[in-house]
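Convention: sequence-line order gives letters A, B, ...; per-chain numbering from 1. In what follows, every heavy atom counts, from backbone to side chain, and hydrogens, waters and symmetry copies are set aside.
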Amino acid sequence: MTLTHLERVYFPQVGIVKAEVLQYYLEVAPYLIPHLRDRPLSLERYPEGVEGPSFYQKDAPTYFPDWLRVTSIAAAHRAKTVRHPLVDDSGGLLYLVNLGTLTLHTTLARIDDLDHPDILVLDIDPPAVLSGADAFRRSIEAARLLRDEMRAAGLDPLVKTSGKRGLHLGLPLDRRLTYAQVREVLGEILAAVIARAPDRLTREARKERRGDRVYLDALRMAPGATVVPPYVVRATDNAAVSMPVEWDELDTLEHAGAFTIRDALPRLERTGDLWASLAGAAGSGNRMEGDSQELDSE
DNA sequence: GCTGGAA
DNA sequence: TTCCAGCAACGCAGA
DNA sequence: TCTGCG
Ligand SMILES: [Mn+2]
Ligand SMILES: [Mn+2]
């Protein structure tokens, strides 16, 4: 495998070239790969750097090397299958990054049981009308409201920066519930927390109808939907990464892009993987209970 | 970033 | 042999 | 069915 275009400028605003992106992924691989392993991947590619054109790619073309694992998944309503790439070592990771991939996206279930997600991710998106720091403050407020509501239900979510503008909550699941069942439980939690702060939170998909409220995006809890795993690079001016943080650390952060490929590694050596409970093994002390009738009918 | 057909 | 146009996703919800 | 959205 040959790494190409190493001197191409990928992040002109901060002077980061492609070699540094490859270097970052190589070094973060021990932390990142447990979150990617056995999950069908989608690639978000910027072959000319972050200011150039971009596209998503989920189907592995014939020119991908034989040694890169792929998994065929039947597309929902079509008569064809998509061959998603899989990553289980740094070689596979670097091959995909060399294609110009900045962000790898994963499904919420692993290939051995695609109908039962082993992680729940709740996407917290601040309103577009607020800028940078203000948007992030509102995201923190929303995240804490969500956390409190979930804790009242016996669930203990973790939090990370998205790397763009908002936050992500994460929770390990024991793979007993289907996507529909997880969505139903999550829907009740969201309805409750929105009722508690209707001027601050919304599930309204239409941007114009959100106003200055924070969008709680639960639509990502669906088969075929993808989420941004921790430690991946985001397509931002400053080469930000999605970084797990402690709940009481949130107030010390200026914005969702507070961690970048330049400072992520020293931090990780200090903190370890704060989202380790969402990598690989399913389970934890959390027990998300579905409606008992649905559970019985499983 | 890679490929196939045109130049 | 070089050049370059075409290509690289898709599910969900609400209207 | 089409559009907005992520
Ligand atoms: Mn988001
Ligand atoms: Mn979102």
Would you indicate what [X] reaches in the nucleic acid, counting non-hydrogen atoms under 4.0 angstrom: base, sugar-phosphate, or nothing?
X	value
A/F55	base
A/R210	sugar-phosphate
A/P47	base
A/A205	sugar-phosphate

Proximal nucleotide (of [options]) relative to the [X] side chain:
X	options	answer
A/Y63	B/dG1, B/dT3, D/dG6	B/dT3
A/K18	B/dG1, D/dG6, C/dA9	B/dG1
A/A222	C/dA8, C/dC12, D/dG6	C/dC12
A/R206	D/dT3, B/dT3, D/dG6	D/dT3
A/Y215	C/dA15, D/dG6, C/dC12	D/dG6
A/K207	D/dG6, C/dC10, C/dA9	D/dG6
A/P223	B/dG1, C/dC12, C/dC10	C/dC12

Of A/L108, A/V182, A/L173, the residue whose pairing with A/I119 passes side chain to side chain contact (heavy atoms under 4.5 Å, CB included): A/L108
Can you tell me how far C1' of B/dC2 sits from CG of A/L99, to the nearest Å? 9 Å
Hydrophobic clusters here meaning ILVMFWY residues chained together by side-chain heavy-atom distances under 4.5 Å, can you tell me if A/L177 and A/L114 are in one? no
With a 4.0 Å cut-off on N to O distance, would you call A/R137 and A/D251 a salt bridge? yes
Hey, is A/D123 close enough to A/K164 for a salt bridge, meaning N to O under 4.0 Å? no
Between [X] and [N], is there a contact of a side-chain N or O with OP1 or OP2 at under 4.0 Å?
X	N	answer
A/T4	B/dG1	yes
A/K164	D/dG6	no
A/R183	C/dG11	no

Measure up the A/Y95 and A/W67 rings against each other and bin them: parallel (under 30°), tilted (30 to 60°), perpendicular (over 60°). perpendicular
